[in-house]
Amino acid sequence: MSPLTWPDGLTPQTPLPYSMWRVMDAIDGKRDAAAVAAQTGLPEAEVTSVQAQVTRLVQRVTARTQPLTDELEKRVTQCLVSVVGPMASVMIDEVFEDLGDTLTLDDLLGHLRTQLSPAQTEQFTRQLQVQGVT
């Protein structure tokens with residue numbers, strides 16, 4: 001087996017649950033999954049599962065902090081339309097007016113959520129998840 005490594009973008013400051021850090025702390029780029037499992041006392045399948053979960057989390061965080069693309073803006077707008085109707089385009093435009101043209105996905109979503117009721121926020125979040133945005 002090949003050695004396990006940390007995913008690009010993971011740092012010691014990345015907030016993760018203890019159960020994940022327990023595994024990630026044992027991954028050093030030299031040991032394979034069996035050796036990490038032996039060190040942590042966890043089954044090998046759990047070690048590889050945790051590494052895969054952490055990789056997906058880091059990828060999502062990285063994607064959310066990248067500059068907003070036109071395609072991503074379009075998908076967010078579609079999700080918002082399903083919640084608030086045609087006002088979605090106006091709300092998106094207002095975010096750009098308030099925050100400027102260089103936004104991240106986090107900037108956009110955070111600003112939009114402040115304008116939604118709790119029920120709308122929940123529905124919007126579900127739509128984003130269905131569309132694979134978050």
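Scope of the values below: all heavy atoms of this structure, side chains included, with no hydrogens, waters or symmetry mates. This chain uses plain numbering: 1 for the first residue, then up along the sequence.
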* To do: Establish whether Leu42 and Val36 are linked, either directly or via other cluster members, by ILVMFWY side-chain heavy-atom contacts under 4.5 Å.
  => yes

* Sub-4.5 Å side-chain heavy-atom contact between Leu68 and Phe96 -> yes

* Output every pair passing side chain to side chain donor-acceptor pair (under 3.5 Å) with a member in residues 75-99, not counting sequence neighbours, ordered by first then second residue. => Asp98-His111

* What's the shortest heavy-atom distance between Pro43 and Ala37, and which atoms? -> C-CB, 4.0 Å

* Asked: Got a sec, which pairs hit salt bridge (Lys or Arg N to Asp or Glu O under 4.0 Å) with one end in residues 21-44, sequence neighbours left out?
  -> Asp28-Arg31

* Asked: How long is the gap from OG on Ser117 to CD on Glu122, to the nearest 0.5 Å?
  -> 9.5 Å

* **Separation of Thr114 OG1 from Leu116 CG (nearest 0.5 Å)** => 7.5 Å

* CD/Gln39 to CD1/Ile27 distance, rounded to the nearest 0.5 angstrom? -> 10.0 Å

* Is there a side-chain contact between Val95 and Gln115 (heavy atoms, below 4.5 Å)? -> yes

* Starting from the C-alpha separation in whole Å, work towards a yes-or-no answer on side chain to side chain contact (heavy atoms under 4.5 Å, CB included) for Thr11 and Trp6. => CA-CA 9 Å; Thr11 69; Trp6 279 19; 5.6 Å; no

* Working to the nearest 0.5 Å, report the span between CZ of Arg56 and CD of Gln51. => 10.5 Å

* Asked: Where do Leu109 and Phe124 land on the side chain to side chain contact (heavy atoms under 4.5 Å, CB included) test, with the steps shown first?
  -> CA-CA 10 Å; Leu109 296 179; Phe124 182 50; 3.8 Å; yes

* To do: Indicate yes or no for a side-chain donor-acceptor contact from Gln127 to the backbone of Leu80 under 3.5 Å, with no hydrogens or angles considered.
  => no

* Does a side-chain heavy-atom distance below 4.5 Å link Val23 with Val54? -> no

* **Under 3.5 Å side-chain donor-acceptor pair for Gln129 and Thr125** => no

* **Joint cluster assignment, Val81 & Leu105, ILVMFWY side-chain distance < 4.5 Å** => no

* **Worked verdict on Val76 versus Leu112 for side chain to side chain contact (heavy atoms under 4.5 Å, CB included)** => CA-CA 10 Å; Val76 170; Leu112 289 172; 3.9 Å; yes

* To do: Say whether Val58 and Val47 are linked into one hydrophobic cluster, either directly or through other cluster members, by side-chain heavy-atom distances under 4.5 angstrom.
  => yes

* Asked: So, do Val83 and Thr121 sit near enough that their side-chain heavy atoms are less than 4.5 Å apart?
  -> no

* Please tell me if the side chains of Ile92 and Leu108 come closer than 4.5 Å, counting only heavy atoms from C-beta onward. => yes

* Asked: Does the side chain of Met20 reach to within under 4.5 Å of the side chain of Leu57, using non-hydrogen atoms?
  -> yes

* **Pro7 vs Leu10 side-chain heavy atoms within contact, under 4.5 Å** => yes

* Structure fact -> Between Pro3 and Gly29 the two heavy atoms that sit nearest each other are CB-O, 3.2 Å

* Does the side chain of Val133 reach to within under 4.5 Å of the side chain of Leu72, using non-hydrogen atoms? -> yes

* Asked: What pair of heavy atoms forms the shortest contact from Ala33 to Leu4, and how long is it?
  -> CA-CD1, 3.6 Å

